[in-house]
Each structure stands twice: as C-alpha cells, then as structure tokens.
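Working notes, beginning with the structure itself.
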Amino acid sequence: MKNIVPSLWFNDVAEEAARYYVSIFPQSEITNISYYGDAGQKSAGTVLAVSFHLGGRPFVAINAGPEFPFTEAVSFQIECESQAEVDHYWDLLLVGGEESVCGWLKDRYGLSWQVTPIALSQMMSDPDSTKVTRVTAVMMGMKKLDLAQLQRAYEGEEQAE
C-alpha cells in the first residue's frame with residue numbers, strides 16, 4: 001500500500017479550497033487538477049478533482065455536490081511546536097470560519113481542524129491524574145488553546161484559570 005489519501009467532498013469550491021490550504025501549510029502544493037467531461041454530473045470543463053499535498057501528505061478535493069457536508073465527526077489535527085504556531089494556524093484557518101472549543105475550529109469551508117500544541121499531548125498522558133484533571137478543566141474553558149495557561153494548570157500554579 002502506498003498511501004491513505006483523505007478525500008474532501010465539496011459542492012463546487014474544491015480548487016479554491018485546495019489553493020487556500022496550500023497557501024497556509026509549508027511543503028504544500030497542487031499536484032493535479034482534473035475536469036468534468038461531457039458525461040459528468042457538472043458542466044464539462046468544471047473542476048472535478050484537485051490533488052494536492054499539505055505538509056507533504058497527499059489529499060484530494062472533489063466537486064461532487066451538496067449532498068454530504070463536512071461535520072465534526074472528521075477533523076484534521078495540527079500538532080504545533082509553540083504558541084506562535086498555534087496562533088499562526090488558528091488565525092489563518094479561522095478567517096471566514098468559526099471557533100469551537102478545546103482548540104477546534106471550522107474553516108470557511110466547514111472543515112474542522114484541531115490546532116493543538118504538542119505539549120498538550122504530553123501533559124494529558126502524564127501518569128499523575130491530578131495534573132491531567134487540572135489541564136483538562138482549563139482546556140475545556142478555552143476556544144484557541146493557550147499553552148502558557150495550560151502549562152500553569154499542569155504545574156498547579158494558582159494563576160491557572
């Protein structure tokens with residue numbers, strides 16, 4: 001098996017969305033665009049599918065109609081090294097979208113993303129359940145994740161909110 005490739009179903013903005021995502025992530029590019037012919041469900045010449053890479057990983061975006069919109073049942077997690085990375089991806093993906101909770105957002109196309117500092121995974125896997133409980137309680141009150149605030153909760157400092 002070569003790859004498992006996420007395929008994103010759009011009504012008619014597959015190329016626009018792919019170009020948007022490629023503009024946000026490093027090591028990203030459009031690799032192919034195919035078009036409907038005379039026998040397609042959309043007009044001949046309309047974009048059918050866009051193959052692209054995000055962070056070096058393959059994706060496909062297809063224009064297939066409005067029948068299946070995105071839901072939070074599927075999301076893409078961005079593992080960030082720092083608060084600056086969290087802020088960067090959060091701010092870019094949120095343009096025209098909407099915030100959710102615990103580091104989740106929906107972008108302008110309705111696709112869900114989790115913008116998460118790597119340190120959070122480390123905190124949440126600590127064998128000390130008291131630390132995990134404190135971090136979880138603080139995280140549940142956040143929209144965009146604040147690494148410094150999570151770290152304070154992890155360490156049990158009083159300024160953790």
Please report the closest heavy-atom contact between [X] and [Y], naming both atoms and the distance.
X: Pro6; Y: Pro58; result: CD-O, 3.3 Å
X: Phe10; Y: Val13; result: CD2-CG2, 3.7 Å
X: Ala153; Y: Val138; result: CB-CG2, 3.5 Å
X: Cys102; Y: Leu145; result: C-CD2, 3.7 Å
X: Met124; Y: Met139; result: CE-CE, 4.5 Å

Nearest 0.5 angstrom please: [X] [atom1] to [Y] [atom2], how far?
X: Thr116; Y: Glu85; atom1: OG1; atom2: CD; answer: 11.5 Å
X: Ile62; Y: Asp12; atom1: CD1; atom2: CG; answer: 12.5 Å
X: Trp104; Y: Glu98; atom1: CH2; atom2: CD; answer: 13.0 Å
X: Gln77; Y: Gln114; atom1: CD; atom2: CD; answer: 5.0 Å

Compare all side-chain heavy atoms of [X] with those of [Y] and state whether any distance is below 4.5 angstrom.
X: Phe70; Y: Lys106; value: no
X: Trp90; Y: Glu99; value: yes
X: Met123; Y: Gln151; value: yes
X: Val22; Y: Leu54; value: yes
X: Val101; Y: Met140; value: no
X: Leu111; Y: Tyr21; value: yes
X: Val135; Y: Leu120; value: yes

Could you check whether the rings of Phe25 and Tyr89 sit parallel, tilted or perpendicular, using 30° and 60° as the cut-offs?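 The arrangement is parallel - the two ring planes meet at less than 30°.
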
Is it possible for you to say whether [X] and [Y] belong to one hydrophobic cluster, with membership spreading through side-chain heavy-atom contacts below 4.5 Å?
X: Leu105; Y: Leu8; answer: yes
X: Leu94; Y: Trp113; answer: yes
X: Phe52; Y: Ile78; answer: yes
X: Val60; Y: Ile4; answer: no
X: Val86; Y: Met142; answer: no

Do Ser112 and Glu72 have side-chain N/O donor and acceptor atoms under 3.5 Å apart?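 The answer is no; no qualifying pair exists.
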
What do you reckon, is CG of Asn3 surrounded by more than 12 foreign heavy atoms closer than 6.0 Å?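 Enclosed: over 12 neighbouring heavy atoms sit under 6.0 Å from CG of Asn3.
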
Looking at [X] and [Y], would you say the former's side chain and the latter's main chain have a donor-acceptor pair under 3.5 Å?
X: Gln27; Y: Gly56; value: no
X: Ser23; Y: Tyr20; value: yes
X: Ser121; Y: Ala119; value: no

List in chain and number order the residues that pass ring pair (Phe, Tyr, Trp, His ring centres under 6.0 Å) with Tyr35, two or more places apart in sequence or in another chain; answer none if no residue qualifies.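 Ring pair (Phe, Tyr, Trp, His ring centres under 6.0 Å) list for Tyr35, sorted by chain: empty.
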
Does anything in residues 42-64 pair up under side-chain hydrogen bond (donor to acceptor under 3.5 Å, both in side chains), and if so which pairs, sequence neighbours excluded?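 Pairs touching residues 42-64 that pass the test: Asn11-Lys42.
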
Could you give all pairs that pass the salt bridge (Lys or Arg N to Asp or Glu O under 4.0 Å) test and reach residues 122-151, with sequence neighbours left out?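 Those involving residues 122-151 are Asp87-Lys144.
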
Determine whether the aromatic ring centres of Phe59 and Phe76 lie less than 6.0 Å apart.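 When the ring centroids of Phe59 and Phe76 are compared, they turn out to be within the sub-6.0 Å range.
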
